[in-house]
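Notes for the one structure printed next.
What you see is a predicted model; the values in this text were computed from it and never measured.
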Amino acid sequence: MGDFNLALVIVAIVVCVIVFLVNVYLLVNYQHPDDVNQAYFPKFVVVLGLSVAAISILMLPADVANRQACRHAIYNGACNLTLPMKDLWLAVYVIDAILVFFVIPFAMFYYEGDQDKSIGKRIKSALWWVVTTAIVCALLLGILYGLVGKVDFTVRHLSSSTTSFPNSWVFNSGQQCIGNGVHQCSAYSASPSSEKTWTMRATFPEYVVALATIVGSVLFAIFGGVGIASLPLGLIFSFIRRPKAVITRSQYIKEATELGKKAKELKKAAESLHQDERSGAKGRKHRKNVKEVEKELFQLEEDVKLLEEMYPQGEKAETTWALTVLGYLANLVFGILGLIVSVAWIAHIIIYLVINPPLSPFLNEVFIKLDDIWGLLGTAAFAFFCFYLLLAVIAGATMLGLRLVFITIHPMKWGATLMNSFLFNVGLILLCSISVIQFCSTAFAYYAQATAAQEIFGHTLESLRGIKYLYKYNIFQIAFVILAGLTFVYYAACGWRRKKPSGSGFYLWICFGLDLFHVESYR
């Protein structure tokens, strides 16, 4: 057992290092050229946030492995020598909450501050917003914790009289307990009136995690439900709507001219809004106009990308077109694989969570059988399904942001992602990662039984006063399935047509630079 624990610690350290290096790689390759060699604090927050989110997802498989370390122990205190997973869970999620509600907002306020102001004034302005938010959150948390920060466990009070030991021990289906004529034990024969409510106060870290989970669960049910369908179907329909052939030069010049005119109009609108912002116009109408122009700007970028795909230029134009075709084929393959995973997820939620009692353990049994084939195979599949939910959340947020005016999207683009988009997506991932873990610990309760995560997210969270009914009646799971079904219907009806996206993840006063309007050179 000691060797097992040592190996688990080594694997955990190696995985943390790999996660950190991968996140640094993503930051370096996704960052916008304007952010190179600057904005170091937002970059540090991005790497830290992504690392915490990834590690939190991987901690659930580690929790399962940690439980197995003392499964075959012959003495009761063996589990005390394993990793302190409950303390690690609370530490990770308190850090998660601090990043989401304080550090990331500060970094975003600082990064998006008026560039004409000094660094000191930008820090002061960001701190003012964050301190105000901290005071409000602290008061709200303190009041809620003092009033309803308790858990109500439903228990059954059992009692029985004493009896003498029998001369022989015979137990069968008709004789389950000691004593003549007793066919059921007290736990089965007790009356409903024996049920009692055992109340105790939750620890403050557990309460913070619980409230953060509620906020994340709302976003997860909306974005995850939409994304579980839009993620694979978006890839499949991008293949269906792909450019079938290279256009002629005359067609290219005509399209580029139209894009150039649109670029000029958007540039004027962006500059006008930027002037309004500097003059103090920050009302609802102004914000609505900003988001509308942002979405038009994003559509312009997508149109430019599509035009470049339809008319590749340069000495390697044929190679570029071949790579474009292969890219759409890859979208089809990954879309089909993703569709299989999405259908498996939805079927598992319905079979194991929504229907009571569950019809089958379904994916739980799959993971257990994979573990029987090879120890890490089930754990790897388990981690993959959890990560897939996070990808679905990002896909759902992007899709809704493209179509709803009141949601601003922040798309991640290779070599063209500004730090505010990075920070927004990291905050979304962190906030939803708590809910993903809670969702997975519930959905795979049979596979992840007797873990520290299940103790926190299962027993405590689902018994917390005031919010336990959201989990008792599977509100989030039902909303998830309904939104997934509606998204499937939407794609079946409209997905084959090329939609006009109308959103952008960039803020206007950063995005109206001339580099976004390089299509004018096509004229």
Practice prompt. Can you tell me which residue pairs pass the side-chain hydrogen bond (donor to acceptor under 3.5 Å, both in side chains) test with a partner in residues 336-345, sequence neighbours excluded?
Written response: Ser342-Tyr388

Worksheet item: Can you find a heavy atom in the side chain of Glu258 that is under 4.5 Å from one in the side chain of Lys261?
Response: yes

Discussion item. Is it true that, when you exclude Phe334 itself, more than 12 heavy atoms of the residues, nucleotides or ligands shown sit nearer than 6.0 Å to its CZ?
Written reply: no

Worksheet item: Do the side chains of Val333 and Leu235 get nearer than 4.5 Å, heavy atoms only?
Response: no

Worksheet entry | pair Ile336-Leu332: side-chain heavy atoms closer than 4.5 Å | yes

Worksheet item: Is Phe480 close to Ile475 at the side-chain level, that is, under 4.5 Å between some pair of heavy atoms?
Response: no

Item to complete: Check the pair Phe367 / Phe382 against ring-ring contact (aromatic ring centres under 6.0 Å, His included), numbers first and verdict last.
Response: CA-CA 7 Å; Phe367 297 149; Phe382 179 47; 5.8 Å; yes

Item to complete: Measure the shortest side-chain to side-chain distance between Lys43 and Gln31 over non-hydrogen atoms and say whether it is less than 4.5 angstrom.
Response: yes

Worksheet item: Of Val215, Val426, Asp96, Ile104, which meets side-chain contact (heavy atoms from CB on, under 4.5 Å) against Leu431?
Response: Val215

Worksheet item: Which distance, rounded to the nearest 0.5 Å, do you find between the CD1 of Ile394 and the CG of Leu428?
Response: 4.5 Å

Worksheet item: What are the two closest heavy atoms between Cys16 and Ile55, and how far apart are they?
Response: SG-CD1, 3.8 Å

Practice prompt. List the atom of Gly216, the atom of Ser435, and the distance in Å for their closest heavy-atom pair.
Written response: C-OG, 2.8 Å

Practice prompt. Looking only at non-hydrogen atoms, find the nearest pair between Leu339 and Ile236 and report the distance.
Written response: CD2-CD1, 4.2 Å

Practice prompt. To the nearest 0.5 Å, tell me how far Ile18 CD1 sits from Ile13 CD1.
Written response: 12.0 Å

Worksheet item: Sub-3.5 Å donor-acceptor pair from the side chain of Ser272 to the main-chain atoms of Lys268, do we have one?
Response: no

Worksheet entry | Test item: Asn23 side-chain N/O and Val19 main-chain N/O as donor-acceptor pair under 3.5 Å | yes

Discussion item. Looking at Asn364 and Pro361, would you say the former's side chain and the latter's main chain have a donor-acceptor pair under 3.5 Å?
Written reply: yes

Discussion item. Is it the case that the side chain of Ser433 and the backbone of Leu430 share a donor-acceptor pair, with hydrogens and angles ignored and the cut-off at 3.5 Å?
Written reply: yes

Worksheet item: CG of Leu359 to CD1 of Ile355: how many Å apart, nearest 0.5 Å?
Response: 4.0 Å

Response to the item:
Rounded to the nearest 0.5 angstrom, the CG-CG distance for Leu389 and Leu231 is 10.5 Å

Fill in: CG-CZ distance between Leu470 and Phe476, expressed to the nearest 0.5 angstrom
4.5 Å

Worksheet entry | Tyr328 OH: over 12 foreign heavy atoms closer than 6.0 Å | yes

Worksheet, complete the sentence: Tested for side-chain hydrogen bond (donor to acceptor under 3.5 Å, both in side chains) against Asp35, the lone hit among Tyr30, Tyr40, Tyr111 is Tyr111

Item to complete: May I ask you to check whether Phe41 and Phe106 place their ring centers less than 6.0 Å from one another?
Response: yes

Fill in: Side chains of Phe439 and Ile349 in contact at under 4.5 Å (non-hydrogen atoms)
yes

Fill in: Nearest-0.5 Å distance that lies between atom CG in Asn331 and atom CZ in Arg241
10.5 Å

Practice prompt. Evaluate side-chain contact (heavy atoms from CB on, under 4.5 Å) for Glu309 paired with Thr320, printing each intermediate quantity in order.
Written response: CA-CA 8 Å; Glu309 288 179 350; Thr320 303; over 6 Å; no

Practice prompt. Decide side-chain contact (heavy atoms from CB on, under 4.5 Å) for Val341 and Phe384; before the verdict, give the C-alpha distance in whole Å, the side-chain angles of both, and the deciding distance to 0.1 Å.
Written response: CA-CA 10 Å; Val341 176; Phe384 169 76; 3.8 Å; yes

Discussion item. side-chain contact (heavy atoms from CB on, under 4.5 Å) for Cys386 and Ile437? Distances and angles first, verdict last.
Written reply: CA-CA 7 Å; Cys386 293; Ile437 293 299; 5.5 Å; no

Item to complete: Would you please test Thr248 and Gln251 for side chain to side chain donor-acceptor pair (under 3.5 Å) and show each step?
Response: CA-CA 5 Å; Thr248 63; Gln251 290 176 310; 3.2 Å; yes

Worksheet item: What are the two closest heavy atoms between Ala54 and Phe387, and how far apart are they?
Response: O-CZ, 4.1 Å

Item to complete: Could you check whether the rings of Phe385 and Phe444 sit parallel, tilted or perpendicular, using 30° and 60° as the cut-offs?
Response: perpendicular

Worksheet item: Just by modelled atom types, is the Tyr25 backbone N or O under 3.5 Å from a matching donor or acceptor in the Asn29 side chain?
Response: yes

Fill in: Side chain proximity check, Pro312 to Val246, heavy atoms < 4.5 angstrom
yes

Fill in: Shortest non-hydrogen separation from Asp303 to Lys262 and the atoms involved
OD2-NZ, 4.1 Å

Worksheet item: Tyr352 and Tyr446: which non-hydrogen atoms are nearest, and at how many Å?
Response: OH-N, 3.4 Å

Item to complete: Please determine if Arg249 forms a cation-pi arrangement with Tyr252, meaning its NZ or CZ atom is less than 6.0 Å from the six-membered ring centre and no more than 45° off the ring axis.
Response: no

Worksheet item: Are Gln477 and Thr442 close enough, and set up right, to give a side-chain contact (heavy atoms from CB on, under 4.5 Å), and what steps lead you there?
Response: CA-CA 10 Å; Gln477 290 90 336; Thr442 303; 4.3 Å; yes

Practice prompt. Please examine the side chains of Thr133 and Pro105, heavy atoms only from C-beta on, and report whether any two atoms are closer than 4.5 Å.
Written response: no

Fill in: Test item: His348 side-chain N/O and Ala443 main-chain N/O as donor-acceptor pair under 3.5 Å
yes

Item to complete: Verify the neighbour count for atom CD of Glu365: are there more than 12 heavy atoms of other residues, nucleotides or ligands below 6.0 Å?
Response: yes

